[in-house]
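I have placed the structure first, in the form of structure tokens, so that the comments after it can refer back to it.
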Amino acid sequence: MGGRNLFFAAVISFSAALITYNIIISANASLKQGFPGESSAKSSVDPIIRMPTDAARKGRRRRLFHTAVTASDSVYNTWQCRVMYYWFKQQKLRNPSSDMGGFTRVLHSGKPDRFMDEIPTFVAQPLPDGVDQGYIVLNRPWAFVQWLQQANIEEDYIFMSEPDHLLVKPIPNLSRDGLAAAFPFFYIEPKKFEKILRKFFPEDRGPITNIDPIGNSPVILRKDALKRIAPTWMNVSLAMKKDPEADKAFGWVLEMYAYAVASALHDVGNILHKDFMIQPPWDTVIGKSYIIHYTYGCDYDLQGKMTPGKFGEWRFDKRSYNDWPPRNLSLPPPGVPESVVTLVKMVNEATANIPNWGS
């Protein structure tokens, strides 16, 4: 009797094991068909089934970058930062598997402000009184030096952005093979100012064309490269500001020239991406671009014709708002280009959804 029970128990156990095995094999056979691009050999030996992310489908590892924006504590800078951070969060939500990592507002006012809980912020100390000679932008490289030395930045790459950047789509890591990714500015002309730039970029460092026509933003580069560049960027900026010839020649873009020189001094080349951003009103179509940079005033008559150099009947200019811009700005008249219409709509959406706007 005991032998018969043992026999039946063995048969039942074997049958259960066989059924379980068939279920597993069948399940794996059907799941393998749902992963395009995978070889059958790999699928048959891999016991772990993963959900395919966008990065996995493209066969690449995510190269996360940390977005950093330098700013003062003025209302003018702050409202732009709040709008910029709103759209940063929206684009991350639209593509959670993008290369966009964390975000930091590098606040160079020397003290916390009331938006620390809304925007991730690092407080940097400003330059000593009088050092910037009224050119507040010189605080930017000094703020980056402090942030890179003191903050715990998990990502391997940094994306240097600005308060007046609106992200119109998720940004991939455009840097490649040790080269940074940058936007080429038509008004950064190293060859034109070679005589002046040789004071800061000696001839033994190579041809003047080694200096790329860029500023520090927008730029995506490796964190370790920026740690090398930042102190030199700061020192070259201060040296240029103290040099009357360089100060007169470079004016409000002096710090941009200083970054381009510092990048070249550290042999960090740049891939120049014309599609990195557009600048309305001169750029009229968004196309493949990732950023709207609203540094220029947009002036139009009521027929939608641009009136450059003259206040338009309809206008949008960030410099009109040293205080908080009102919600629901008027839209441009018919005929105004897509870039300007999108800019105003994006500002309106942000201000409509940011809590306590204007307070």
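On a predicted model such as this, the values are computed, not experimentally measured, just so you know.
- No chain of hydrophobic side-chain contacts below 4.5 Å, direct or via other Ile, Leu, Val, Met, Phe, Trp or Tyr residues, connects Leu107 to Phe144.
- Tyr257 contributes no side-chain N or O that, together with a main-chain N or O of Ala246, makes up a donor-acceptor pair within less than 3.5 Å.
- Lys305 NZ: 12 or fewer foreign heavy atoms inside a 6.0 Å radius.
- Considering OG of Ser217 and OH of Tyr259, their distance stands at 10.0 Å, rounded to 0.5 Å.
- Of the N and O atoms on the side chains of Ser72 and Asn77, at least one donor lies less than 3.5 Å from an acceptor on the other residue.
- When every heavy atom of Trp147 is checked against every heavy atom of Ile158, the shortest pair comes out as CH2-CD1, 3.8 Å.
- Taking the six-membered ring for Trp and the full ring otherwise, Tyr296 and Tyr294 have centroids separated by 6.0 Å or more.
- The backbone N or O of Thr70 lies less than 3.5 Å from no partner atom in the side chain of Arg140, so there is not a single donor-acceptor pair.
- Looking only at distances, a side-chain donor or acceptor of Arg319 sits under 3.5 Å from a matching main-chain atom of Thr295.
- Heavy atoms from other residues, nucleotides or ligands lying under 6.0 Å from NZ of Lys345 number 12 at most.
- With rounding to the nearest 0.5 angstrom, the SG atom of Cys298 is 11.0 Å from the NZ atom of Lys318.
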task = Go through the steps for Leu226 and Leu148 under the test side-chain contact (heavy atoms from CB on, under 4.5 Å), then give the verdict.
result = CA-CA 8 Å; Leu226 185 56; Leu148 290 164; 3.7 Å; yes
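- Using a 4.5 Å cut-off on side-chain heavy atoms (C-beta onward), Tyr187 and Lys192 make no contact.
- Note on ring orientation: taking the six-membered ring where Trp is involved, the planes of Phe159 and Phe65 are perpendicular (angle over 60°, cut-offs 30° and 60°).
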request  = Apply side-chain contact (heavy atoms from CB on, under 4.5 Å) to the pair Ile291 and Leu166, showing each step before the final yes or no.
outcome  = CA-CA 5 Å; Ile291 300 169; Leu166 294 179; 5.9 Å; no
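- Considering only heavy atoms from C-beta on, Asp299 stays 4.5 Å or farther from Asp317 through its side chain.
- The shortest non-hydrogen separation linking Pro213 to Ile188 is CB-O, 3.3 Å.
- For Tyr321 and Tyr76, the gap between ring centers reaches or exceeds 6.0 Å.
- The closest donor-acceptor contact from the side chain of Asn235 to the backbone of Pro231 lies under 3.5 Å.
- Scanning all heavy atoms of the two residues, the minimum distance from Ser289 to Val168 falls at O-CG2, 3.4 Å.
- A 4.5 Å side-chain heavy-atom check between Pro337 and Val285 finds every atom pair outside the cut-off.
- Here the shortest heavy-atom pairing between Met240 and Val261 reads CE-CG2, 4.0 Å.
- Side-chain atoms of Asp243 never come within 3.5 Å of backbone atoms of Ala239 as a donor-acceptor pair (strictly under, hydrogens ignored).
- Among all heavy-atom pairs drawn from Val219 and Ala182, the shortest one is CG2-CB, 3.8 Å.
- Summarising the geometry, atom CD1 belonging to Ile119 is positioned 8.5 Å from atom NZ belonging to Lys89; distances are rounded to the nearest 0.5 Å.
- With sequence neighbours excluded, the residues that form a side chain to side chain donor-acceptor pair (under 3.5 Å) with Glu155 are His66.
- Cluster annotation: Met234 is connected to Phe200 through the hydrophobic network of ILVMFWY side chains, with a link wherever side-chain heavy atoms come within less than 4.5 Å.
- Of the possible donor and acceptor atoms, one in the side chain of Arg198 sits under 3.5 Å from a partner among the backbone N and O of Phe201.
- Rounding to the nearest 0.5 Å gives a distance of 11.5 Å between NZ of Lys241 and CD of Glu255.
- A distance of 6.0 Å separates OG in Ser161 from CG in Leu167, rounded to the nearest 0.5 Å.
- The aromatic rings of Phe88 and Tyr85 sit parallel to each other, their planes meeting at less than 30°, with 60° as the upper class boundary.
- Using modelled atom types, one side-chain atom of Asn348 and one backbone atom of Leu329 make a donor-acceptor pair closer than 3.5 Å.
- Looking only at side-chain heavy atoms (C-beta outward), Thr121 and Phe115 stay at 4.5 Å or farther from each other.
- When atom types are taken as modelled, the side chain of Arg327 and the backbone of Thr351 share a donor-acceptor pair closer than 3.5 angstrom.
- For the pair His273 and Pro218, the minimum side-chain heavy-atom distance is 4.5 Å or more.
- Between the side chain of Arg63 and the main chain of Asn173, a donor-acceptor pair closer than 3.5 Å is present.
- Atom CG of Asp129 has 12 or fewer heavy atoms from other residues, nucleotides or ligands within 6.0 Å.
- If you check the side chains of Ser320 and Arg315, you find a donor sitting under 3.5 Å from an acceptor.
- With Thr78 contributing its side chain and Ser74 its backbone, the two residues share a donor-acceptor pair below 3.5 Å.
- Side-chain contact check for Asp275 versus Tyr290: every heavy-atom pair is 4.5 Å or farther apart.
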message = Evaluate Met84 against Thr67 for side-chain contact (heavy atoms from CB on, under 4.5 Å), listing each step before the verdict.
response = CA-CA 11 Å; Met84 193 275 180; Thr67 299; 4.3 Å; yes
message = For His165 and Gln80: C-alpha separation, side-chain torsions, deciding distance, then whether side-chain contact (heavy atoms from CB on, under 4.5 Å) applies.
response = CA-CA 8 Å; His165 285 179; Gln80 294 172 50; over 6 Å; no
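- In this structure, Pro333 and Gln303 have side chains that are not in contact, with every pair of non-hydrogen atoms separated by 4.5 Å or more.
- The minimum heavy-atom distance linking Arg62 with Ser98 is given by the pair NH2-O, 2.6 Å.
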task = Test ring-ring contact (aromatic ring centres under 6.0 Å, His included) on Trp357 and Tyr86 and set out the steps.
result = CA-CA 12 Å; Trp357 181 257; Tyr86 171 86; 10.0 Å; no
query = Given Asp113 and Arg105, is the salt bridge (charged side-chain N to carboxylate O under 4.0 Å, His left out) satisfied, shown in steps?
reply = CA-CA 12 Å; Asp113 67 3; Arg105 176 182 59 147; 2.8 Å; yes
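- Aromatic ring centroids of Phe250 and Phe193 lie under 6.0 Å apart.
- Two residues are said to be in side-chain contact when any heavy atoms from C-beta on lie closer than 4.5 Å; Leu174 and Pro172 meet this criterion.
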